[in-house]
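Working notes, structure below.
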Amino acid sequence: LKHSLFLLSQPFKLCNCFKVIIGLMVKSLSFVKPLYPVTPSRPPSTVSYVERARQHRWQCSDVTFHCSEGALRQQWIQTIREQLTALTSRPKHLLVYINPHGGKQQGECIYEQKVAPLFACASISTDVIVTEHANHARDHLKTEAELKKYDGVVCVGGDGMFSEIVHGLVSRTQRENGVDQNSPEEKLVPCSLRIGIIPAGSTDCICYATVGINDPVTSALHVIVGDSQPMDVCSVHHNNTFLRYSSSLLGYGFYGDVLADSERKRWMGPARYNFSGFKTFLTHHHYEGAVSFLPATDILGTPRDKTRCRAGYVTLPNLCFCSIPEYEMGWGVVRGKFLAINAASMSCACPRSPKGLSPAAHLADGTTDLILVRKCSRFNFLRHLLRHTSKDDQFDMTFVEVHRVRRFRFTPRHWQNDSELDLRENGKQLFSQICRDHPACSCSPAYSSWNCDGEILPHAAIEVGVHCQLIKLFTRGIEEQPLFEDLANPPCAL
Ligand SMILES: Nc1ncnc2c1ncn2[C@@H]1O[C@H](COP(=O)(O)OP(=O)(O)OP(=O)(O)O)[C@@H](O)[C@H]1O
Ligand SMILES: CCCCCCCCCCCCC/C=C/[C@@H](O)[C@H](CO)NC(=O)CCCCC
Ligand SMILES: [Ca+2]
């Protein structure tokens with residue numbers, strides 16, 4: 001009995017079969033059509049378990065046991081419960097934030113119908129907060145939430161909602177440890193609570209790039225089995241002032257302009273990105289400036305590798321976050337006119353771009369892939385963009401270069417001083433400012449804005465540093481797909 005239960009309650013591979021118990025329910029008789037004669041004193045017991053399906057999807061299945069002998073039945077139930085309680089990596093108490101306005105505005109419904117029943121089945125208790133305004137979750141986490149009560153935080157929403165959770169948790173952790181976020185050289189203290197993402201947004205790139213699919217049930221099951229995946233976070237500063245954290249894309253030029261335009265069309269839902277993407281492509285603005293960066297020379301991989309960041313990938317201990325003066329000598333500089341400057345700390349894969357902006361980027365290696373797309377013809381830029389959606393190499397083009405870096409800075413060519421910046425900060429954002437060289441014409445504006453994980457940063461001049469493994473998610477990274485998927489889950493008796 002003990003041996004069978006051990007197999008049932010551990011992630012295991014046997015004849016390519018994968019089953020992990022998530023919970024046990026002693027069902028009331030009315031739920032089950034008995035196969036065997038049962039009496040009210042001996043109801044059947046149902047064990048729920050996780051099963052792999054196609055394309056990284058996980059699903060929940062049940063097996064119902066009947067046992068005519070009361071004592072043996074009780075022994076099974078007790079032992080399964082003990083085994084499940086002994087799994088310390090599994091969360092028991094979670095704090096859940098739901099954004100009711102993310103994506104197609106289905107957050108509450110997705111949580112109630114698909115996720116809450118699974119958490120209940122796995123005996124996870126939850127405190128649920130439906131947010132009432134933007135930054136509600138961030139501010140609650142930063143100051144009020146009694147974090148000691150919980151084993152993790154779950155966000156139901158998109159990348160913007162995830163970003164709120166990251167800001168709340170990281171800021172709280174730094175404050176409690178006396179770390180000054182305004183200093184770009186400061187080494188930040190990692191957060192101890194894991195974060196779960198139930199995808200209910202428009203892009204959901206963090207979920208897609210860490211699980212392999214945007215599916216609320218799959219994500220909930222990864223939380224239940226207690227997966228853990230460390231993740232890098234970039235800090236963004238301007239003039240020794242902390243601006244924001246970023247865990248997926250920091251994009252200036254094309255992706256900054258797409259976002260600025262799409263924010264005015266939120267009413268369109270996820271389709272706003274198609275509309276603004278097409279419009280921004282047609283405007284074909286370029287931006288002049290200098291990008292200086294500190295290459296990551298002490299790591300094995302490069303952004304042009306054919307290998308991908310997959311579950312179980314172990315990063316070698318590296319220098320992670322390093323202070324500027326120590327490495328000042330190794331900095332490189334690229335000046336020019338750019339259609340896009342993108343920094344991808346992870347692949348940024350999402351349904352729109354299944355391999356992502358930087359397919360070989362790693363989730364937790366302390367680096368970000370800096371992609372510089374120089375001014376080129378519309379036709380060439382379109383070829384580059386379309387390669388985000390195909391298998392072809394988007395970096396194999398003369399006007400594109402990519403560097404794996406630990407830190408970088410961007411200074412726009414005409415950047416003057418902070419009085420201009422203050423104007424932007426105070427809400428009078430100069431997105432429509434025209435080129436200073438030709439004040440009367442309507443050619444490319446002098447500045448774009450940064451797209452920071454889907455939030456607009458009004459500052460153009462920024463300094464960015466990667467903080468290796470600052471947060472942890474309730475995922476295990478994308479699992480390698482079996483060669484013959486049909487053989488991965490043969491019918492397998494428990
Ligand atoms: N109750 C609320 N009312 C209005 N805005 C909210 C509320 N709760 C959170 N927000 C904000 O909504 C914004 C968008 O949310 P979210 O990321 O969940 O969806 P999305 O933008 O559609 O998806 P994605 O970020 O994946 O593209 C976030 O910036 C978040 O701060
Ligand atoms: C002519 C048009 C060609 C279109 C080419 C399509 C290329 C798609 C690449 C998509 C990359 C998304 C990267 C993820 C960024 C997220 O942090 C952010 C927040 O959710 N999403 C966007 O900014 C949303 C960005 C959406 C951009 C379209
Ligand atoms: Ca990385």
Side-chain angles (χ1 to χ4, degrees), residues 97-105 107-108 129-138 155-165 167 197-209 214 230-234 246-251 254-263 266 269-270 272-282 296 299 301 303 309 315 342-358 360-369 378 381-390 394 404-406 451-456 466-469:
Y97 294 98
I98 304 176
N99 176 3
H101 299 299
K104 295 182 183 154
Q105 317 214 338
E108 277 178 285
I129 297 176
V130 179
T131 60
E132 285 162 17
H133 51 86
N135 294 327
H136 181 170
R138 183 198 68 184
C155 77
V156 184
D159 296 322
M161 194 57 189
F162 173 77
S163 170
E164 280 202 26
I165 305 295
H167 281 81
I197 308 171
I198 306 299
S202 302
T203 315
D204 297 316
C205 120
I206 318 268
C207 177
Y208 194 93
N214 285 340
M231 224 173 89
D232 299 336
V233 175
C234 290
S246 159
S247 27
S248 55
L249 170 70
L250 263 166
F254 181 73
Y255 286 105
D257 294 350
V258 170
L259 186 71
D261 190 72
S262 68
E263 279 300 292
R266 270 209 166 263
R272 68 192 185 275
Y273 289 134
N274 301 342
F275 182 88
S276 299
F278 187 62
K279 184 176 158 192
T280 307
F281 166 74
L282 289 180
I299 47 153
C309 184
T315 43
N342 299 324
S345 320
M346 49 144 72
S347 70
C348 293
C350 59
R352 274 194 176 77
S353 171
K355 65 188 166 84
L357 292 190
S358 191
H362 286 285
L363 290 168
D365 65 346
T367 72
T368 186
D369 288 351
R378 271 196 186 83
F381 190 48
L382 182 63
R383 280 175 56 226
H384 168 69
L385 286 178
L386 291 178
R387 287 190 186 188
H388 289 132
T389 62
S390 74
Q394 60 256 55
R404 189 156 282 181
V405 308
R406 294 200 183 282
N451 173 339
C452 179
D453 291 356
E455 303 296 310
I456 294 169
V466 189
H467 296 264
C468 191
Q469 308 189 2

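A quick note: this is a predicted structure, and the numbers were derived from the prediction, not measured. Whatever order the structure lists them in is the order used to number ligands and atoms, beginning at 1.
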Tightest non-hydrogen contact, residues T368 and C234, listed as CB-SG, 4.3 Å

Could a heavy atom of Y273 be found less than 4.0 Å from some atom of ligand 1?
yes

Say whether A200, considering both its backbone and side-chain N or O atoms, lies within less than 3.5 Å of an N or O atom on ligand 1.
no

Can you pull out the closest protein heavy atom to atom 19 (O) of ligand 1? Residue, atom name and distance to 0.1 Å, please.
G102 CA, 3.4 Å

What I'd like to find out is whether the side chain of T389 reaches to under 4.5 Å of the side chain of R352, using heavy atoms alone.
no

Give a yes or no on whether the backbone of G160 and the side-chain of E455 come within a donor-acceptor separation of less than 3.5 Å.
no

Pull out every atom of ligand 1 sitting under 4.0 Å from any heavy atom of T203, numbered as shown with elements.
24 (P), 26 (O), 27 (O)

Under 3.5 Å, side chain of N214 to main-chain N/O of Y208, donor-acceptor pair present?
yes

Number the atoms of ligand 1 from 1 as they appear, then name those within less than 4.0 Å of a heavy atom of G157, with their elements.
18 (O)

A side-chain contact here means heavy atoms from C-beta on lying under 4.5 Å apart; do H362 and R404 qualify?
yes

Test item: protein heavy atom less than 4.0 Å from atom 27 (C) of ligand 2
yes

Within reach of ligand 1, part of E455 (heavy-atom separation under 4.0 Å):
side chain

Angle at the Ca ion (ligand 3): provide the value between O of T367 and O of H362, rounding to 10 degrees.
150°

The answer for which part of M161 has a heavy atom under 4.0 Å from ligand 1 is both

Minimum-distance protein heavy atom relative to atom 5 (N) of ligand 1
A134 N, 3.8 Å

Can you list the ligand 1 atoms lying under 4.0 Å from a non-hydrogen atom of G103?
19 (O), 20 (P), 22 (O)

Tested for side chain to side chain donor-acceptor pair (under 3.5 Å) against D453, the lone hit among S345, S248, S163 is S248

For atom 14 (C) of ligand 1, the closest protein heavy atom turns out to be R266 NH2, 3.5 Å

Just need the protein heavy atom nearest to atom 3 (N) of ligand 1, so name the residue and atom and give the distance.
H101 CD2, 3.2 Å

For ligand 1, is any non-hydrogen atom under 4.0 Å from Y208's backbone (N, CA, C, O), its side chain (CB onward), both, or neither?
neither

May I ask you to decide if V405's main-chain N or O and T367's side chain share a donor-acceptor pair within less than 3.5 Å?
no

List ligand 2 atoms under 4.0 Å from G454, heavy atoms only on the residue side.
17 (O), 18 (C), 19 (C)

Taking the minimum heavy-atom distance to atom 7 (C) of ligand 2, which of F254, Y208, F381, Y255 ranks first?
Y255

Ligand 1 N/O within reach of G158 N/O, cut-off under 3.5 Å:
yes

Look at atom 6 (C) of ligand 2 and say which protein heavy atom is nearest, naming residue and atom and giving the distance to 0.1 Å.
T389 CG2, 4.2 Å

Give the single entry among G160, C350, S202 that approaches atom 23 (O) of ligand 1 most closely by any heavy atom.
S202

I'd like to know if S248 contacts ligand 2, where contact means a heavy-atom distance under 4.0 Å to any ligand atom.
yes

From the N, O or S atoms in D232, identify the one nearest to the Ca ion (ligand 3).
OD2

Is H136 in contact with ligand 1, taking contact as a heavy-atom separation below 4.0 Å?
no

Please answer whether the main-chain N or O of Y255 pairs with a side-chain N or O of N451 as donor and acceptor at a distance below 3.5 Å.
yes

When the ring planes of F381 and H384 are compared, do they come out parallel, tilted or perpendicular, using 30° and 60° as the limits?
parallel

Measuring from atom CD1 of I129 to atom SG of C155, what distance do you get when rounded to the nearest 0.5 angstrom?
13.0 Å

Identify the closest protein heavy atom to atom 15 (O) of ligand 1: which residue and atom is it, and at what distance?
N99 ND2, 2.9 Å

Looking only at protein heavy atoms, identify the closest one to atom 15 (C) of ligand 2 and say how far it is in Å.
L249 CD2, 3.8 Å

Counting heavy atoms under 4.0 Å, the part of D204 that contacts ligand 2 is neither

Which atoms of ligand 2 sit under 4.0 Å from any heavy atom of S353?
9 (C)

How long is the span from the CD atom in Q394 to the CG atom in N342, to the nearest 0.5 Å?
10.0 Å

Can you check whether P100 reaches T131 side chain to side chain, under 4.5 Å on heavy atoms?
yes

Does ligand 1 have a heavy atom under 4.0 Å from the side chain of H167, from its backbone, from both, or from neither?
neither

Output the atom name for the N/O/S atom of D365 with the smallest distance to the Ca ion (ligand 3).
OD1

Is there at least one pair of N or O atoms, one from N451 and one from ligand 2, spaced under 3.5 Å apart?
yes

Among all protein non-hydrogen atoms, which one is nearest to atom 8 (N) of ligand 1, and what is the separation to 0.1 Å?
T131 OG1, 2.8 Å

Mind checking whether Q105 contacts ligand 1 via backbone (N, CA, C, O), side chain (CB onward), both or neither, at a 4.0 Å heavy-atom cut-off?
neither

Short list, please: which atoms of ligand 2 are under 4.0 Å from a heavy atom of D453?
17 (O), 19 (C)

For atom 31 (O) of ligand 1, what is the nearest protein heavy atom, given as residue, atom name and distance?
E164 OE2, 2.3 Å

With distance as the sole test, does D159 use its side chain to make a donor-acceptor pair with the main-chain N or O of I206 at under 3.5 Å?
yes

Please say whether P100 places an N or O atom under 3.5 Å from an N or O atom belonging to ligand 1.
no

Can you name the atoms of ligand 1, numbered from 1 with element, that are less than 4.0 Å from a heavy atom of D204?
26 (O)

